[in-house]
Amino acid sequence: MKKQLTLCMVFKGDEILLGFKKRGFGEGRWNGFGGKLNEGESIESAAVREIQEEVGLTVKTEDLKKAGILDFEYQNEQKVLEVHVFKIYNFTGEPVETEEMRPQWFRLDQIPFDMMWPDDEHWFPYLLDEGFFKGRFLFDKPSSSEYTSEILEFEIEEVESLS
């Protein structure tokens, strides 16, 4: 069973906008912006909505550049999280702190991997390239504010397209 989610990475020049998660899943870590789809919502519509809700930026659907698809699985669980990763270069507004996220711009050579999900350092190089990528990560169990998931196995590759 796959559950679809979005993850949006916002770029400006040689910087990337990350959000420090203040509560809920991923609390205490830097990450991109995104989340679950609402009933009947497309992946692209969910991405646009999540960016607005989590950081106050307005993005048009046509400005979403799909970069990758990552499957996240946990040992002894049937559920697979299928995360659709988008790059965003065009947006309006200024990042604002919300109840959920505190945004901050980072230079691309100063990304805080030590305070991010353990899988990020594996797929970020693909994100920063111009191509497309697909990956799969198997973790021991979900992370919490006290525990960081351990990657048991992973595979990632550049692909010609995401269709």
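Only heavy atoms go into these numbers, but all of them, side chains included; no hydrogens, no water, no symmetry mates.
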Original post:
Side-chain contact, heavy-atom cut-off 4.5 Å: Gln78 with Glu73?
Top reply: no
Original post:
According to the interplanar angle, ranging from 0 to 90°, do the rings of Phe124 and Phe113 count as parallel (below 30°), tilted (30 to 60°) or perpendicular (above 60°)?
Top reply: perpendicular
Original post:
Atom CZ of Phe137 and atom CH2 of Trp117: how far apart are they, to the nearest 0.5 Å?
Top reply: 13.0 Å
**OP:** Answer yes or no: is there an ion pair linking Glu150 with Lys141, defined by an N-O contact shorter than 4.0 Å?
**Re:** no
Subject >> Criterion salt bridge (Lys or Arg N to Asp or Glu O under 4.0 Å) on Lys2 and Glu82, from CA distance to verdict >> reply: CA-CA 6 Å; Lys2 287 197 175 188; Glu82 182 184 79; 3.5 Å; yes
Original post:
Side chains of Gln52 and Thr58: donor-acceptor distance under 3.5 Å anywhere?
Top reply: yes
Original post:
Do Glu41 side-chain atoms and Asn38 backbone N/O form a donor-acceptor pair below 3.5 Å?
Top reply: yes
Subject >> Interatomic spacing from CG in Asn31 to CG in Leu7 - rounded to 0.5 Å >> reply: 5.5 Å
**OP:** Indicate yes or no: at least one non-hydrogen side-chain atom of Lys66 is less than 4.5 angstrom from one of Val85.
**Re:** no
Original post:
How long is the span from the NE2 atom in His84 to the CD1 atom in Ile69, to the nearest 0.5 Å?
Top reply: 5.0 Å
Subject >> Distance in Å, Asp114 CG paired with Asp120 CG, rounded so as to fall on 0.5 Å steps >> reply: 11.5 Å
Original post:
Is a side-chain donor or acceptor of Lys60 paired with a backbone partner of Glu62 at a separation under 3.5 angstrom?
Top reply: no
Subject >> Residue pair Ser149 / Tyr74, side-chain heavy-atom distance below 4.5 Å >> reply: yes
Subject >> Heavy-atom closest contact (Tyr126 atom, Glu158 atom, distance) >> reply: CE2-N, 3.7 Å
**OP:** Mark yes or no for whether Thr6, through its side chain, and Gly35, through its backbone, hold a donor-acceptor pair below 3.5 Å.
**Re:** yes
Original post:
Which atoms form the tightest heavy-atom contact between Glu54 and Thr98, and what is the distance?
Top reply: O-OG1, 2.9 Å
**OP:** State, to 0.1 Å, how close Phe33 and Gly19 come at their nearest heavy-atom pair, and which atoms those are.
**Re:** CZ-N, 3.5 Å
Subject >> Which atom of Glu130 lies closest to which atom of Lys87, heavy atoms considered >> reply: CA-NZ, 4.2 Å
Subject >> Nearest heavy-atom neighbours spanning His122 and Ile156 >> reply: O-CD1, 4.2 Å
Original post:
With a cut-off of 6.0 Å (strictly less than), are more than 12 heavy atoms of other residues, nucleotides or ligands near CD of Gln110?
Top reply: yes
Subject >> Straight-line distance of Cys8 SG to Glu44 CD, nearest 0.5 Å >> reply: 10.0 Å
Subject >> Closest contact, heavy atoms only, Glu99 versus Lys22 >> reply: O-CE, 3.5 Å
**OP:** With rounding to the nearest 0.5 Å, note down the distance linking CG in Leu70 to CG in Asp119.
**Re:** 7.0 Å
Original post:
Are any of the side-chain heavy atoms of Arg29 and Thr148 separated by less than 4.5 Å?
Top reply: yes
Subject >> Side-chain (Asp14) to main-chain (Arg107) donor-acceptor, under 3.5 angstrom >> reply: no
**OP:** Kindly indicate whether the side chain of Asn90, heavy atoms from C-beta on, has any atom under 4.5 Å from the side chain of Val59.
**Re:** no
Original post:
Between Trp105 and Lys12, is there a cation-pi geometry (under 6.0 Å to ring centre, at most 45° from the normal)?
Top reply: yes
Original post:
Does any non-hydrogen side-chain atom of Val55 lie less than 4.5 Å from one of Leu17?
Top reply: yes
Subject >> Min side-chain heavy-atom separation Arg102-Trp30 under 4.5 Å >> reply: yes
